[in-house]
Amino acid sequence: QVQLVESGGGLAQPGGSLRLSCAASGFPFDDYAIGWFRQAPGKEREGVSCVSSRQRSIYSTYYADFVKGRFTASRDNPRNTVTLQLNNLKPDDSAVYYCATRWSSCGQNWNTGGADFDSWGQGTQVMVSS
C-alpha cells in the first residue's frame with residue numbers, strides 16, 4: 001500500500017525557514033519521481049519542485065520560478081524520504097504542501113497541478129506570517 005506522509009510544516013516569519021519531509025513506503029521508491037505541490041485557500045494547486053528517479057546516473061531536480069533560489073529539494077533513497085528546505089519564506093508561500101509520486105520522471109507538466117501524479121500524501125500546512 002502506497003503511503004506518503006508529509007511533516008515539518010508550521011508557522012514561520014517572513015524571511016524564515018522550514019524543512020518539510022515526505023516519508024514514503026509501499027512502492028519501489030528508487031523508481032519514482034517525487035513532486036512537491038502546494039495549494040492555498042481559493043487557489044489552484046501548483047507545482048513547487050520535483051526530483052526525478054535516477055536516470056543515467058543522475059537525479060534531475062526542478063523548481064517553479066517562484067521558489068528558485070529559496071527552496072531546495074533532495075531525496076534520500078536509503079531512507080525513502082524527500083525533503084524540501086524552504087528558506088527566505090514569504091507570506092505568499094502559505095499553503096498546504098503535498099508530496100506525490102510519478103513513475104520515473106517528473107514529466108512535462110510537473111509544475112502545473114500534478115494531474116499525472118499518482119499517489120498523494122495528506123499534506124502539511126505552512127503559514128508565513130509576522
Item to check | Pairwise salt bridge (charged side-chain N to carboxylate O under 4.0 Å, His left out) hits with a residue in residues 74-86, at least two apart | outcome: D76-R79

Checklist outcome for this item: d(I34 CD1, C99 SG) to nearest 0.5 Å is 6.5 Å

Checklist entry - Do you know the tightest heavy-atom contact between W110 and V48? => result CZ3-C, 3.6 Å

Checklist entry - Is it the case that one hydrophobic cluster holds both V82 and F71, taking links as side-chain heavy atoms less than 4.5 Å apart, direct or via other members? => result yes

Item to check | Considering all heavy atoms, the nearest S104-S53 contact | outcome: O-OG, 2.8 Å

Item to check | Listed once per pair and sorted, the salt bridge (charged side-chain N to carboxylate O under 4.0 Å, His left out) pairs that draw on residues 20-37, sequence neighbours left out | outcome: none

Solution key, residues 60-68 side-chain donor-acceptor pairs under 3.5 Å, sequence neighbours excluded:
{"residue": "Y63", "atom": "OH", "partner": "A73", "partner atom": "N", "Å": "2.8"}
{"residue": "D65", "atom": "OD1", "partner": "K68", "partner atom": "NZ", "Å": "3.2"}

Cut-off 3.5 Å, no hydrogens considered: what does the side-chain donor-acceptor table look like for residues 14-28, sequence neighbours left out?
{"residue": "S17", "atom": "OG", "partner": "N87", "partner atom": "OD1", "Å": "2.9"}
{"residue": "R19", "atom": "NH1", "partner": "Q85", "partner atom": "OE1", "Å": "3.0"}

Next on the checklist: As an exercise, state the distance from CG of L4 to CZ of F117, rounded to the nearest 0.5 Å.
Outcome noted: 11.5 Å

Item to check | Qualifying disulfide (SG to SG under 2.5 Å) pairs with a residue from residues 40-94, counting only residues at least two apart or across chains | outcome: C50-C106

Item to check | pair L86-L84: side-chain heavy atoms closer than 4.5 Å | outcome: yes

Item to check | Contact check, side chains of S7 and T124, non-hydrogen atoms, under 4.5 Å | outcome: no

Checklist entry - Is there a path from W36 to W103 through hydrophobic residues (I, L, V, M, F, W, Y) whose side chains come within less than 4.5 Å of each other? => result yes

Item to check | For L11, the rest of its hydrophobic cluster, which grows through side-chain links under 4.5 angstrom | outcome: M127

Checklist entry - How are the rings of W120 and F37 set relative to one another: parallel (under 30°), tilted (30 to 60°) or perpendicular (over 60°)? => result tilted

Next on the checklist: Considering only residues two or more places apart or on different chains, which pairs with a residue in residues 98-125 satisfy salt bridge (charged side-chain N to carboxylate O under 4.0 Å, His left out)?
Outcome noted: R102-D116

Checklist entry - How is the hydrophobic cluster of V51 composed, in terms of its other members, when Ile, Leu, Val, Met, Phe, Trp and Tyr link through side-chain heavy atoms under 4.5 Å apart, directly or indirectly? => result Y59

Next on the checklist: Tell me whether V96 shares a hydrophobic cluster with V5, the cluster being built from Ile, Leu, Val, Met, Phe, Trp, Tyr side chains joined at under 4.5 Å.
Outcome noted: no

Checklist outcome for this item: Contacts of S74 meeting side-chain hydrogen bond (donor to acceptor under 3.5 Å, both in side chains) (sequence neighbours excluded), chain-then-number -> T83

Item to check | Nearest-0.5 Å distance, CZ of residue R70 to CG of residue L89 | outcome: 6.5 Å

Next on the checklist: Checking Y97 now: which residues fulfil ring-ring contact (aromatic ring centres under 6.0 Å, His included) with it, not counting sequence neighbours?
Outcome noted: none

Checklist entry - Got a sec, which pairs hit side chain to side chain donor-acceptor pair (under 3.5 Å) with one end in residues 42-52, sequence neighbours left out? => result R38-E46

Next on the checklist: Quick test of your reading: applying salt bridge (charged side-chain N to carboxylate O under 4.0 Å, His left out), list the pairs with at least one residue in residues 6-17, sequence neighbours left out, ordered by first then second residue.
Outcome noted: none

